[in-house]
S.K.: 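This structure is in C-alpha cells; I'll ask about it shortly.
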Amino acid sequence: MKEIVSVSILSSDFMELKNDLERIKKSGAEMLHFDVMDGIFVDNISFGFPILEKVNKNSDMTLDVHLMIESPYKYIERCASFGADIITFHIESEGDPDKTIDAIKKTGAKAGLALRPGTPLEKALPFMNKIDMLLIMTVEPGFGGQAFMNDMLEKIKDARKFITENGLDTDIQVDGGINASTAALASDAGANILVAGSYIFKSEDMKNAVDSLRR
Ligand code: DX5
Ligand code: ZN
C-alpha cells in the first residue's frame, strides 16, 4: 500500500503561507492537513473558516480538516462549503457520532473519526463501516512538535486487523510526531495516511522530507 502524506500547515510560518502552499504542492505530498482548535476541546486555539477558505482558493490539493473542537456537528456544513474534502472529528467531542458522520457524508466530503491516545479502539468500532478514515492520534492533540507515542502502534495494528477481517477499505491516518523513523513504524503497523507538520517544515528540502516518510 502506498502511503499518502498529509502536510500539517499548523507548523507553517503564516506570513509565508501562500509560498508554503506552493512548496507543499511541489513536495509531492497528496494532502493538506488543516488543524482547527477551539480552545475547549484542546488547550490551544489555531485557525478557522476564513483561513480554510483562502487555503482552498490557493491550492488544488485534497484538504484534510481535523476538527479538535467540542461541538463539531454544527460546523460540518460550513466546513465543507469552505472546501474541506475530508472532515475528521473526535469521538470524545459532544454529540451523536452517527449524526455527525451522516452530516459529513451529506456534504459529499469524506468522514473521518479521530481517537485521542487514551481512547480505546473499541469506541470507534461501531462506526467503522460508515467512516472513510480512522485517525489514530499519536500525540495528545493540541500542539505540533511533540514526540510520537510508541504505545499507539498496537492500536494501529488492531485497527488494521479489524479493517482487513471485516473486508472494509477504511484508511488509517496517524497524526503527531511523524518523522522518517516513526512513519516507518506506523506504516508497518498498518497506517496508510501520514500527517506530518514540524518534521516537514524544519527540513531543508521539503521534497526529500516527504519522500523519507514513504517506504
Ligand atoms: C496536533 C495536530 C497535528 C500537528 C502535528 O494536535 O493535530 O496535526 O500539526 O504536528 P507534528 O507533525 O509536529 O507532530
Ligand atoms: Zn491534526
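When a ligand or atom number is given, it counts from 1 through the structure's own listing order.
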S.K.: Is it the case that ligand 1 has an N or O less than 3.5 angstrom from some N or O of Gly177?
M.R.: yes

S.K.: Looking only at protein heavy atoms, identify the closest one to atom 9 (O) of ligand 1 and say how far it is in Å.
M.R.: Ser8 OG, 2.7 Å

S.K.: Which ligand 1 atoms, with their elements, are less than 4.0 angstrom from a heavy-atom of Ala196?
M.R.: 12 (O)

S.K.: Within ligand 1, which atoms have a heavy atom of His66 less than 4.0 Å away?
M.R.: 7 (O)

S.K.: For Val65 and Ala84, which heavy atoms make the closest approach, and how far apart are they?
M.R.: CG2-CB, 3.5 Å

S.K.: Quick one: do Lys18 and Glu22 satisfy salt bridge (charged side-chain N to carboxylate O under 4.0 Å, His left out)? Show the steps, please.
M.R.: CA-CA 7 Å; Lys18 195 166 184 201; Glu22 281 162 25; 5.4 Å; no

S.K.: Compute the minimum heavy-atom distance from Phe143 to ligand 1 and say whether it is under 4.0 Å.
M.R.: yes

S.K.: Considering only the protein, which heavy-atom contact is closest to atom 3 (C) of ligand 1, and what is its distance?
M.R.: Asp175 OD1, 3.0 Å

S.K.: Quick one: nearest non-hydrogen protein atom to atom 13 (O) of ligand 1, plus distance?
M.R.: Ser198 OG, 2.5 Å

S.K.: Roughly how far, to the nearest 0.5 Å, is the CG atom of Leu17 from the CG atom of Asn58?
M.R.: 8.0 Å

S.K.: Provide the atom name of the closest N, O or S atom of His66 relative to the Zn ion (ligand 2).
M.R.: ND1

S.K.: Of all the N, O or S atoms in Asp175, which one sits nearest to the Zn ion (ligand 2)?
M.R.: OD2

S.K.: Any nitrogen or oxygen of Asp35, main chain or side chain, under 3.5 Å from a nitrogen or oxygen of ligand 1?
M.R.: yes

S.K.: Atom CD1 in Ile24, atom NE2 in His33: separation rounded to 0.5 Å?
M.R.: 12.0 Å

S.K.: Quick check for you: to the nearest 0.5 Å, what is the distance between Thr170 atom OG1 and Ile172 atom CD1?
M.R.: 7.5 Å

S.K.: Can you check side-chain hydrogen bond (donor to acceptor under 3.5 Å, both in side chains) on Asp35 and Ser8, steps first, answer last?
M.R.: CA-CA 7 Å; Asp35 288 301; Ser8 171; 2.9 Å; yes

S.K.: Using a plain distance cutoff, I'd like to know if Met137 has any nitrogen or oxygen under 3.5 Å from a nitrogen or oxygen of ligand 1.
M.R.: no

S.K.: Are Lys106 and Asp102 ion-paired here, with the side-chain N under 4.0 Å from a carboxylate O?
M.R.: no

S.K.: Under a 4.0 Å threshold between the charged nitrogen and the carboxylate oxygen, would Asp158 count as salt-bridged to Lys161?
M.R.: no

S.K.: Give yes or no for whether the N/O distance cutoff of 3.5 Å, strictly under, is met between His33 and ligand 1.
M.R.: yes

S.K.: Provide, to 0.1 Å, the distance between atom 10 (O) of ligand 1 and the closest protein heavy atom, together with that atom's residue and name.
M.R.: Gly144 CA, 3.5 Å

S.K.: Counting non-hydrogen protein atoms only, what is the nearest one to atom 12 (O) of ligand 1? Give residue, atom name and distance.
M.R.: Gly197 N, 2.8 Å

S.K.: Got the closest protein heavy atom to atom 6 (O) of ligand 1, with its distance?
M.R.: Gly142 N, 2.7 Å

S.K.: Go through Lys105 and Asp132 one step at a time and tell me if the salt bridge (charged side-chain N to carboxylate O under 4.0 Å, His left out) criterion holds.
M.R.: CA-CA 10 Å; Lys105 296 270 189 167; Asp132 299 288; 3.5 Å; yes

S.K.: Tell me whether Glu154 is salt-bridged to Lys157, with the criterion being a basic N under 4.0 Å from an acidic carboxylate O.
M.R.: yes

S.K.: Relative to each other, are the rings of Phe14 and Phe47 parallel, tilted or perpendicular (30° and 60° limits)?
M.R.: perpendicular

S.K.: Among the N/O/S atoms of Asp35, which is closest to the Zn ion (ligand 2)? Give the atom name.
M.R.: OD1

S.K.: If we only count N/O pairs under 3.5 Å, is Ile178 in contact with ligand 1?
M.R.: no

S.K.: State the atoms of ligand 1, each with its element, that fall below the 4.0 Å cut-off from a heavy-atom position in Gly176.
M.R.: 14 (O)

